[in-house]
S.K.: 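Have a look at the structure that comes next, please.
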Amino acid sequence: MKRSILLAAVLMLPASMASGGPPSAVGPVSAVGPAEAAPSATAGGPVEAGSSAGSGAAPLQRAGDTTAAAGPGATAAWRWPLAPKPPVLRYFSPPPLPWLSGHRGVDLGGAAPGADVVSPAAGTVSFVGVVVDRPVITIDHGDGLRSSFEPVDSPLAVGTPVAAGEVVGTVNPGHCPLAACLHWGVRDREQYVNPLQFVLDLRPSILLPLAGAP
């Protein structure tokens, strides 16, 4: 196969195939380096998300725990809802059909009961209440984007404006069976999307031909 045809085939691969795709449940992720890339996971062990050597992705602009959102539909700087930066205990794994079971968000570790939860971006509280048996808070960020957190106790009322990084509640125990965690979901209008795309660079690496190659 000619080099140009092979290169074209590689570039057409979806991100999930190009990077190996994270599983729905793996060990913790620790992010390092000034530019973060999508983690490549091996079940049962910790994963590091760092800058990829030879990656074609441009570095993200960072200020403290704030990362300029790189995902599609992102319009402003987003940050992690927990500080310090939490490990990811379970990844986004949406169902193939809306009515089937799946994991429509991510579970973040390092969330001891009573830990502060902050708004990842500016917005307005659109829901505070109990869903099934867990306290939930939802923040409308505008442009159809909404973040939901559970289990979170919040003193805020619907309609309260919040700034990025402002405390919106505290973590309750009960979501993860083995360790305290925070579930973070993001919807783009009515579709659930991967929350990590707003705080990590999930773009795949791109292979470029060598200079002077035939």
S.K.: For Pro113 versus Ala180, what's the shortest heavy-atom pair and its separation?
M.R.: CD-CB, 3.8 Å
S.K.: List the atom of Arg79, the atom of Ala164, and the distance in Å for their closest heavy-atom pair.
M.R.: NE-C, 3.9 Å
S.K.: How far does NZ of Lys85 sit from CG of Leu108, to the nearest 0.5 angstrom?
M.R.: 12.0 Å
S.K.: How long is the gap from CD on Glu150 to CG on Asp107, to the nearest 0.5 Å?
M.R.: 8.5 Å
S.K.: Closest heavy-atom contact between Gly109 and Pro86?
M.R.: O-CB, 3.2 Å
S.K.: Just verifying a value: how many Å separate Leu196 CG and Asp201 CG, rounded to the nearest 0.5 Å?
M.R.: 12.0 Å
S.K.: Please check if Val132 and Ile137 belong to a single hydrophobic cluster, counting links between Ile, Leu, Val, Met, Phe, Trp and Tyr side chain heavy atoms closer than 4.5 Å.
M.R.: no
S.K.: Roughly how far apart are Leu82 CG and Leu182 CG, rounded to 0.5 Å?
M.R.: 5.0 Å
S.K.: Test your reading of the model: is there a side-chain donor-acceptor pair from Ser154 to the backbone of Val168, 3.5 Å cut-off?
M.R.: yes
S.K.: Counting C-beta onward and ignoring hydrogens, is there a side-chain heavy-atom pair between Trp80 and Leu200 closer than 4.5 Å?
M.R.: yes
S.K.: For a quick test of reading the model, state the closest non-hydrogen atom pair linking Val162 to Ser119 and the distance between them.
M.R.: CG2-OG, 3.8 Å
S.K.: Hey, does the side chain of Arg146 reach the backbone of Arg189 with a donor-acceptor pair shorter than 3.5 angstrom?
M.R.: yes
S.K.: Do Val136 and Val106 share a hydrophobic cluster, counting only Ile, Leu, Val, Met, Phe, Trp and Tyr and linking them when any side-chain heavy atoms are less than 4.5 Å apart?
M.R.: no
S.K.: For residues Ala121 and Ala77, report the shortest heavy-atom separation together with the two atoms involved.
M.R.: CB-O, 4.3 Å
S.K.: Between His175 and Cys181, which heavy-atom pair has the shortest distance, and what is it?
M.R.: CD2-SG, 3.4 Å
S.K.: Pair Thr170, Val117 - check side-chain contact (heavy atoms from CB on, under 4.5 Å), show working.
M.R.: CA-CA 6 Å; Thr170 54; Val117 178; 6.0 Å; no
S.K.: Calculate, to the nearest 0.5 Å, the distance between atoms CZ and OH belonging to Phe92 and Tyr192 respectively.
M.R.: 9.5 Å
S.K.: Is there side-chain contact between Ser147 and Val186, with at least one heavy-atom pair below 4.5 Å?
M.R.: yes
S.K.: Under a 4.5 Å cut-off applied to non-hydrogen side-chain atoms, are His183 and Arg90 in contact?
M.R.: no
S.K.: Does one hydrophobic cluster hold both Val118 and Val128, with members joined at side-chain heavy-atom distances below 4.5 Å?
M.R.: no
S.K.: First locate atom CZ of Phe149, then atom CD1 of Ile139, and finally report the distance between them rounded to the nearest 0.5 Å.
M.R.: 5.5 Å
S.K.: So does Ala122 get a backbone contact from the side chain of His141, meaning a donor-acceptor N/O pair under 3.5 Å?
M.R.: yes
